[in-house]
Amino acid sequence: MIFTKEDLINQFTSCGLTKGQHILVHTSLSKFGFIIGGAETFIRALLEIVGEEGTLMMPSQTWKNLDPSTGVHWEEPAEWWPMIRQHWPAYDKEITPAIGMGVVAEMFRKWPGAARSDHPARSVAAVGRHAEYLTQNHDLSNIFGIGSPLDKLYHLNGYVLLAGVGHDKNTSLHLAEARADFPAKKRVYDSSAVMVGGRRKWVTYETQAVNDEDFIRLGEEYDKEMNLKVHQAGKAEIRFMEQRPLVDWATAWMEKNRL
């Protein structure tokens, strides 16, 4: 299937996207088929829809900048880990590429006017009216919780667009995880290379442990209970939803279902 920018605009507006919205976007471009202009066309279509009063936000995570013991460097032998800790480049939001986020997210973080948060492993990028607000003060120990970019979007009555990906990629569910109270909830220590006072340092910080193993089950139940319409574009399933009701529902679901 082939898509022009106008095709994408028509497709997304039929899903409910409109001017002035603030939207967290997760996408897998390959699921659509052939988009003329690829990632550039995809981003231009979304920006044209939300206009100057709206905002787009995407994950621009650099999770390889975590301690090798967490499994992020599974290809490398354990005897290399000390050297990785000593020499992994410090996070630079202007330079460090997004890792495993797809071609759209990588192009988006470099888009003219894009702002990017300072978290060395779990950054987000944003373009539009509230880009600076959403990305500023992303604390090391507060990846997804109160005051994080996800929480700020919640208070802006934002939206979530899953385009070609499922609820297993729905980062807003980590905000629900941060809000929910369940027995297995715990804190862990992460480490990343960051710049401190102009010098690279390997910094250890405490943060909440995250777990996405039940996100698909949770999402299936949410879709069913909310009668969420799943649109189709090529082979891509498209889900568009308000973030606040999703997070509130998911918080209650986790408190009921997580041990």
Worksheet item: Run the salt bridge (Lys or Arg N to Asp or Glu O under 4.0 Å) check on Glu48 and Lys5 step by step: do they pass?
Response: CA-CA 10 Å; Glu48 191 168 319; Lys5 184 181 76 171; 2.9 Å; yes
Discussion item. Please check: side-chain N/O of Thr207 versus main-chain N/O of Asn142, any donor-acceptor pairing under 3.5 Å?
Written reply: no
Worksheet item: Between the main-chain N or O of Asp7 and the side-chain N or O of Thr4, is there a donor-acceptor pair closer than 3.5 Å?
Response: yes
Worksheet item: Is Val127 reachable from Leu8 through a run of hydrophobic residues whose side-chain heavy atoms are each under 4.5 Å from the next?
Response: yes
Response to the item:
Correct closest heavy-atom pair for Phe3 and Ala233 would be CZ-C, 3.8 Å
Worksheet item: Which atoms form the tightest heavy-atom contact between Ile143 and His138, and what is the distance?
Response: O-NE2, 3.0 Å
Worksheet item: Taking 4.0 angstrom as the limit, do Lys110 and Glu106 come out as a salt bridge?
Response: yes
Fill in: Interatomic spacing from CZ in Phe144 to CG in Leu150 - rounded to 0.5 Å
6.5 Å
Practice prompt. Please say whether more than 12 non-hydrogen atoms of neighbouring residues, nucleotides or ligands are located less than 6.0 Å from CZ in Phe182.
Written response: yes
Worksheet entry | Check: Thr62 side chain, Ala98 main-chain N or O, donor-acceptor pair, under 3.5 Å | no
Worksheet item: Side chain of Lys64, backbone of Val72: donor and acceptor closer than 3.5 Å?
Response: yes
Discussion item. Please say yes or no: joined through hydrophobic side-chain contacts below 4.5 Å, possibly via intermediate residues, are Leu162 and Met58 part of one cluster?
Written reply: no
Fill in: Flag for Arg179-Thr251: side-chain donor and acceptor within less than 3.5 Å
no
Fill in: His167 vs Asp223, side-chain hydrogen bond (donor to acceptor under 3.5 Å, both in side chains): CA-CA, chis, key distance, verdict
CA-CA 10 Å; His167 284 287; Asp223 289 355; 3.0 Å; yes
Worksheet item: Quick one: does Thr70's side chain have a donor or acceptor within less than 3.5 Å of a partner on Asp67's backbone?
Response: yes
Discussion item. Atom CE of residue position Met83 - does it have more than 12 heavy atoms of other residues, nucleotides or ligands inside 6.0 Å?
Written reply: no
Worksheet item: If you draw a 6.0 Å radius around NZ in Lys185, do more than 12 non-hydrogen atoms from other residues or ligands fall strictly inside?
Response: yes
Worksheet item: Going by distance alone, is a donor N or O of one side chain under 3.5 Å from an acceptor N or O of the other, for Tyr222 and Asn170?
Response: no
Item to complete: Please determine if Lys152 forms a cation-pi arrangement with Tyr133, meaning its NZ or CZ atom is less than 6.0 Å from the six-membered ring centre and no more than 45° off the ring axis.
Response: yes
Response to the item:
In terms of heavy-atom contacts, Ala178 and Gly145 come closest through CB-CA, 3.7 Å
Item to complete: Please round to the nearest 0.5 Å and tell me the distance separating atom CD1 of Ile238 and atom CZ of Phe32.
Response: 4.5 Å
Discussion item. Whether the Thr135 and Ser117 side chains hold a donor-acceptor pair (N or O, under 3.5 Å, no angle test) is what I'd like checked.
Written reply: no
Worksheet, complete the sentence: Of Leu161, Ile49, Thr55, Leu153, the one forming a side chain to side chain contact (heavy atoms under 4.5 Å, CB included) with Ile23 is Leu161
Discussion item. Testing Gln86, His87, Met195 one by one against Arg200 for a side chain to side chain contact (heavy atoms under 4.5 Å, CB included), which residue passes?
Written reply: Met195
Worksheet entry | Heavy-atom pair with the smallest gap, counting every atom of Ile95 and Arg109 | O-NH2, 3.2 Å
Worksheet item: Does Glu213 CD have over 12 foreign heavy atoms under 6.0 Å away?
Response: no
Discussion item. Ignoring hydrogens, what is the shortest heavy-atom contact between Leu46 and Phe12? Give both atom names and the distance.
Written reply: CD2-CD1, 3.6 Å
Worksheet entry | Short side-chain to backbone donor-acceptor contact, Glu255 and Asp181, under 3.5 Å | yes
Worksheet item: Taking atom types as modelled and ignoring hydrogens, do the side chains of Arg122 and Gln61 form a donor-acceptor contact shorter than 3.5 angstrom?
Response: yes
Fill in: Separation of Ser123 OG from Asn65 CG (nearest 0.5 Å)
10.0 Å
Fill in: Leu24/Ser172 under side-chain contact (heavy atoms from CB on, under 4.5 Å): CA gap, chis, key distance, verdict
CA-CA 9 Å; Leu24 175 59; Ser172 291; 3.6 Å; yes
Discussion item. Tell me whether the count of non-hydrogen atoms from other residues, nucleotides or ligands lying under 6.0 Å of CD in Glu132 goes above 12.
Written reply: no
Worksheet entry | Audit row: Trp253, Asp214, side-chain contact (heavy atoms from CB on, under 4.5 Å) steps and yes/no | CA-CA 11 Å; Trp253 187 94; Asp214 55 6; 3.5 Å; yes
Worksheet item: Ring centroid separation for Tyr205 and His119, is it under 6.0 angstrom?
Response: yes
Worksheet item: Applying the 4.5 Å side-chain criterion to the ILVMFWY set and letting contacts propagate, would Leu175 and Val124 be lumped into a single cluster?
Response: yes
Discussion item. Go through it in stages, so that I can follow the logic: the residues are Trp81 and Glu76, the test is side-chain hydrogen bond (donor to acceptor under 3.5 Å, both in side chains), and I'd like the CA-CA distance, side-chain angles, deciding distance and then a yes or no.
Written reply: CA-CA 8 Å; Trp81 291 359; Glu76 285 72 48; over 6 Å; no
Worksheet item: On the ring face of Trp249, is Lys224 found with NZ or CZ under 6.0 Å from the centre and within 45° of the axis?
Response: no
Discussion item. The criterion is salt bridge (charged side-chain N to carboxylate O under 4.0 Å, His left out); which residues satisfy it with Asp190, sequence neighbours excluded?
Written reply: none
Worksheet item: For Arg199, does the CZ atom have more than 12 heavy-atom neighbours from other residues, nucleotides or ligands under 6.0 Å away?
Response: no
Worksheet item: From Lys169 NZ over to His26 NE2, what is the distance, rounded to the nearest 0.5 angstrom?
Response: 10.0 Å
Worksheet item: If you round to the nearest 0.5 Å, how far is CG of Asp151 from CG of Leu156?
Response: 10.0 Å
Fill in: Cluster link Leu47 to Ile9, ILVMFWY, side chain under 4.5 Å
yes
Worksheet item: Looking at Phe42 versus Phe108, is the centre-to-centre ring distance below 6.0 Å?
Response: no
Response to the item:
Heavy-atom closest pair (Met101 atom, Pro59 atom, distance to 0.1 Å) is SD-CB, 3.7 Å
Item to complete: Spell out, as yes or no, whether a donor-acceptor pair under 3.5 Å connects the side chain of Gln243 to the backbone of Val160.
Response: no
Discussion item. Checking the side chain of His22 only, and the main-chain atoms of Gly158 only, is there a donor and an acceptor separated by less than 3.5 Å?
Written reply: no
Fill in: Criterion side-chain contact (heavy atoms from CB on, under 4.5 Å) on Met107 and Glu40, from CA distance to verdict
CA-CA 7 Å; Met107 177 174 280; Glu40 177 185 349; 3.8 Å; yes
Worksheet item: Got a second to check how far Gln21's CD is from Arg129's CZ, nearest 0.5 Å?
Response: 13.5 Å
Worksheet item: Passes ring pair (Phe, Tyr, Trp, His ring centres under 6.0 Å), His174 versus Phe215? Steps please.
Response: CA-CA 9 Å; His174 286 305; Phe215 281 10; 4.9 Å; yes
Worksheet entry | Linked, directly or transitively: Trp63 and Val203 (ILVMFWY side chains, under 4.5 Å) | yes
Practice prompt. Describe, in one word, how the ring planes of His73 and Trp88 are oriented to each other, choosing from parallel (under 30°), tilted (30 to 60°) and perpendicular (over 60°).
Written response: perpendicular
Worksheet item: Got a salt bridge between Arg258 and Glu177, using NZ or NE/NH1/NH2 to carboxylate O under 4.0 Å?
Response: yes
Worksheet item: Under 3.5 Å, is there a donor-acceptor pair between the side chain of Arg116 and the main chain of Ser60?
Response: yes
Worksheet item: When you look at CH2 of Trp80, are more than 12 heavy atoms from neighbouring residues, nucleotides or ligands closer to it than 6.0 Å?
Response: no
Worksheet item: Is the number of heavy atoms from other residues, nucleotides or ligands under 6.0 Å of Ile216 CD1 greater than 12?
Response: no
